[in-house]
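In what follows, residues are counted from 1 in the order of the sequence shown.
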Amino acid sequence: MNTALRITAFATALAATFGTAYAVGNGIDPVIDKKDSGASAHAKEGAGHGEESGGHAGDKDAPAAEASYRIGLETPRLTADRRGELRFAVEDEKGRPLTSYVREHGKELHLIVASRDLTVYRHLHPTRDATGTWSTPVELPEAGSYRIFADFKAKGAAEGSVQSAEVAVAGPYKPKELPKPSAVAKVDGYEVELSGKLTPNKASDLVLSVSKGGRPVKNLQPYLGSYGHLVALRADDLEYLHVHPNKGKPGPDISFTAETTGKGAYRLFLDFQHEGKVRTAAFTVYTDGQGGAHVEGEGDGHGH
């Protein structure tokens with residue numbers, strides 16, 4: 001499951017098939033060790049509600065190469081620290097909700113929610129009704145601007161698609177600085193250490209080592225087909241990617257191969273499962289030579 005990522009502009013081709021790249025959900029599929037099962041998905045903040053972003057096939061009335069999609073938000077505003085419901089539809093160029101999806105790793109669509117300052121992150125699992133409207137409960141602790149990223153593959157499409165939109169969260173707003181890098185992320189009693197260095201325009205190896213109580217965790221559980229899932233968001237424009245780990249054993253080390261195209265700061269979010277619960281470790285990584293890949297120590301168990 002060798003995986004190489006290239007972060008590209010959202011307006012360019014979404015070059016990889018989502019279905020074999022990344023999946024989230026409530027069930028667990030067998031661990032996948034296929035050679036090409038680690039393809040990447042990319043997106044950039046620039047495509048908001050009503051904008052197209054490199055659409056893919058799936059509309060029965062349009063040629064495969066011409067279909068394009070956007071997110072139609074029904075709830076563009078939520079309230080901070082209050083449980084609400086996020087509702088949206090994936091619409092084609094004529095505004096028709098998409099209702100035919102390919103189920104990949106147990107889900108038809110996978111949703112990432114992140115605050116603009118990258119201090120709040122949610123990995124959610126919406127459900128779809130017969131009209132094509134997706135919905136999921138969500139509670140976001142901080143006011144501000146959030147981006148949602150919908151990963152999916154339309155039925156009949158050759159490739160997957162990533163669409164994004166902006167959601168406003170009302171309440172007292174206090175912008176936060178990007179967390180400083182550190183070597184270890186502490187998550188719900190676990191410690192995750194990141195080693196490696198992100199070098200622009202070069203395949204970079206990253207290794208994340210999971211331990212608990214000072215002992216390495218050697219029995220990580222597969223979470224929808226992989227022992228870990230990695231999402232990266234670039235700080236300046238919220239460019240997005242995700243990747244499966246390279247082939248390996250169930251811990252304590254989870255290795256990824258990533259390739260970025262530019263310098264800057266990224267937030268990495270690692271999902272891993274142990275003892276029946278999925279946890280998320282958050283990292284701040286620089287690609288400009290500022291000490292290589294280091295992480296901010298924090299964790300989040302929300303959204304799984």
Item checked: Residues which pass salt bridge (Lys or Arg N to Asp or Glu O under 4.0 Å) with R82, listed by chain and number, not counting sequence neighbours -> none
Next item on the list: Show the numbers, then the answer: is there a side-chain contact (heavy atoms from CB on, under 4.5 Å) between T127 and S135?
Entry: CA-CA 6 Å; T127 57; S135 62; 3.9 Å; yes
Next item on the list: Report yes or no: do R147 and S164 form a side-chain donor-acceptor pair below 3.5 Å?
Entry: yes
Notebook entry, point to check: Does R122 reach the side chain of L140, with side-chain heavy atoms less than 4.5 Å apart?
Noted result: yes
Check: For D253, does its backbone N or O pair with a side-chain atom of S209 as donor and acceptor, under 3.5 Å?
Finding: no
Notebook entry, point to check: In terms of the angle between their ring planes, are Y240 and F149 parallel, tilted or perpendicular, with boundaries placed at 30° and 60°?
Noted result: parallel
Item checked: Minimal non-hydrogen separation, A185 against A281, with atom names -> CB-CB, 4.1 Å
Checklist line | Residues in salt bridge (Lys or Arg N to Asp or Glu O under 4.0 Å) contact with K218, at least two apart in sequence or another chain | finding: none
Note to self: Among residues at least two apart in sequence or on other chains, which ones pass side chain to side chain donor-acceptor pair (under 3.5 Å) with S115?
What the structure shows: D117
Note to self: In terms of relative ring orientation, are F272 and Y190 parallel, tilted or perpendicular, with 30° and 60° separating the classes?
What the structure shows: perpendicular
Notebook entry, point to check: Does a side-chain heavy-atom distance below 4.5 Å link L194 with L268?
Noted result: yes
Item checked: E275/K212 under side-chain contact (heavy atoms from CB on, under 4.5 Å): CA gap, chis, key distance, verdict -> CA-CA 12 Å; E275 296 180 346; K212 184 179 182 181; 3.5 Å; yes
Notebook entry, point to check: Is there a side-chain contact between P179 and R267, using heavy atoms and a 4.5 Å cut-off?
Noted result: yes
Notebook entry, point to check: Hey, does the side chain of R234 reach the backbone of A232 with a donor-acceptor pair shorter than 3.5 angstrom?
Noted result: no
Check: Looking at side-chain heavy atoms only, is the closest gap between K153 and E104 below 4.5 Å?
Finding: yes
Checklist line | Residue pair T199 / S204: nearest heavy atoms and the distance that separates them | finding: N-OG, 3.0 Å
Check: Any chain of hydrophobic side-chain contacts (each under 4.5 Å) joining L124 to V167?
Finding: yes
Notebook entry, point to check: Sub-3.5 Å donor-acceptor pair from the side chain of T287 to the main-chain atoms of G264, do we have one?
Noted result: yes
Note to self: My understanding is that only residues two or more places apart in sequence, or in another chain, count here; which of them pass salt bridge (Lys or Arg N to Asp or Glu O under 4.0 Å) with K176?
What the structure shows: E142
Item checked: Pairing residues for Y146 by the ring-ring contact (aromatic ring centres under 6.0 Å, His included) criterion, not counting sequence neighbours -> none
Item checked: Nearest non-hydrogen partners of K107 and H110, listed with the distance -> CB-CE1, 2.7 Å
Notebook entry, point to check: Salt bridge between R83 and E139, side-chain N to carboxylate O under 4.0 Å?
Noted result: no
Note to self: Using every non-hydrogen atom in the two residues, find where S68 and E93 come nearest and quote the distance to one decimal.
What the structure shows: O-OE1, 3.1 Å
Note to self: Looking at D92 and R70, is any side-chain nitrogen of the basic one under 4.0 Å from a carboxylate oxygen of the acidic one?
What the structure shows: no
Check: Closest approach of V102 and A154, non-hydrogen atoms and distance?
Finding: CG2-O, 3.8 Å
Next item on the list: Before giving the answer on side-chain hydrogen bond (donor to acceptor under 3.5 Å, both in side chains), spell out for S145 and E166 the whole-Å C-alpha distance, their side-chain angles and the decisive distance to 0.1 Å.
Entry: CA-CA 7 Å; S145 177; E166 183 175 350; 2.6 Å; yes
Next item on the list: Please work out whether the ring planes of F88 and W134 are parallel, tilted or perpendicular, with thresholds of 30° and 60°.
Entry: parallel
Note to self: E177: which residues meet the salt bridge (Lys or Arg N to Asp or Glu O under 4.0 Å) condition with it, sequence neighbours left out?
What the structure shows: none
Notebook entry, point to check: Is it the case that S161 and E159 place a side-chain donor and acceptor less than 3.5 Å from each other?
Noted result: no
Check: Checking ring pair (Phe, Tyr, Trp, His ring centres under 6.0 Å) for the pair F283/Y266: CA distance, chi angles, key distance, verdict?
Finding: CA-CA 8 Å; F283 311 82; Y266 292 81; over 10 Å; no
Notebook entry, point to check: Which pair of non-hydrogen atoms, one from P126 and one from L111, has the smallest distance, and what is that distance?
Noted result: CD-CB, 3.9 Å
Item checked: Step-by-step salt bridge (charged side-chain N to carboxylate O under 4.0 Å, His left out) determination, R128 to E108 -> CA-CA 9 Å; R128 178 174 59 86; E108 292 183 334; 3.0 Å; yes
Next item on the list: Take V210 and H274 through the test side-chain contact (heavy atoms from CB on, under 4.5 Å) and record every step on the way to the result.
Entry: CA-CA 10 Å; V210 183; H274 188 240; over 6 Å; no
Notebook entry, point to check: Under a 4.5 Å cut-off applied to non-hydrogen side-chain atoms, are V162 and F152 in contact?
Noted result: no
Margin query: Main chain of L109, side chain of H125: is a donor-acceptor contact present, judged purely on distance under 3.5 Å?
Written below: no
